[in-house]
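Working notes, structure below.
FYI, side chains are in, hydrogens and waters are out, and symmetry mates aren't considered; it's all heavy atoms of this structure.
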Amino acid sequence: MKVLLPAPFSPSSACTSPARALNSLRHVRALGADEVIDYRQQNFEMLARDIDFIVDLVGGEVVNRSWAVLSPDGLLVSIAATDLASRTPPGRRGVFLSNKPDTARLTAIAQQVAVGALRSTIADVVGFDDLASAIERNRTGRAPGKIVADFTR
């Protein structure tokens, strides 16, 4: 099975320097990716084909470009393109995924992280007073990983 994941960037991040892009590429490789394509710098349509499962976190033109590399029986899942149903070509499969928090599921995931079955990358932990600047950093580009708000700080 070939899977195309949105590497090395998340939808809310922007690469503002070659060093940041290199750090992101290293991070994705460390997670076990066989091949990493920077969709902002490389034409992934020329590098990938017959992808069985595409996860889209970007939306926009990236979704439109993704249909060219999806296998005939493949599935494109997007959390960014709310209009995916209307943009899915005839005979293709595209699904917009929306998630509603589930306490039991989040608890199970936290337990998996605690025992090492899942790995979570934390870029920074900030207190309430630093939350606005952390949100801005997340919006404009940052190191790989999540920014965690600790309201006890």
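- Linking Ile, Leu, Val, Met, Phe, Trp and Tyr residues whenever their side-chain heavy atoms come within less than 4.5 Å leaves Ile147 and Val125 in two separate clusters.
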_Test side chain to side chain donor-acceptor pair (under 3.5 Å) on Thr152 and Asp150; report intermediate values, then the result._
CA-CA 5 Å; Thr152 64; Asp150 180 352; 2.5 Å; yes

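- Distance check: Leu76 CG to Phe96 CZ gives 12.5 Å after rounding to the nearest 0.5 Å.
- The minimum heavy-atom distance linking Leu47 with Glu35 is given by the pair O-OE2, 4.3 Å.
- Here the shortest heavy-atom pairing between Val77 and Phe53 reads CG2-CE1, 3.5 Å.
- The OG1 atom of Thr82 sits 8.5 Å away from the CZ atom of Arg87 when rounded to the nearest 0.5 Å.
- Note: Ile37 CD1 to Glu45 CD = 9.5 Å, rounded to the nearest 0.5 Å.
- Ile109 and Val148 fall into different hydrophobic clusters, defined by Ile, Leu, Val, Met, Phe, Trp and Tyr side-chain heavy atoms under 4.5 Å apart, directly or through other members.
- Across all their heavy atoms, Ser78 and Leu84 have their closest contact at CB-CD2, 4.0 Å.
- The shortest non-hydrogen separation linking Ser86 to Asp83 is OG-O, 2.8 Å.
- Within a 6.0 Å sphere centred on CZ of Arg105, heavy atoms belonging to other residues, nucleotides or ligands number 12 at most.
- What you find for Asp102 and Ala104 is that their closest heavy atoms are OD1-N, 3.0 Å.
- Following chains of ILVMFWY side-chain contacts shorter than 4.5 Å, one cannot reach Val126 starting from Ile122, and the two form parts of different hydrophobic clusters.
- Taking CD1 of Ile79 as the reference point, atom CG of Leu97 lies at 7.5 Å (rounded to 0.5 Å).
- How far CZ of Phe44 is from CD1 of Ile51: 9.5 Å, rounded to the nearest 0.5 Å.
- Residues Arg92 and Thr88 come closest through the heavy atom pair O-CG2, 3.4 Å.
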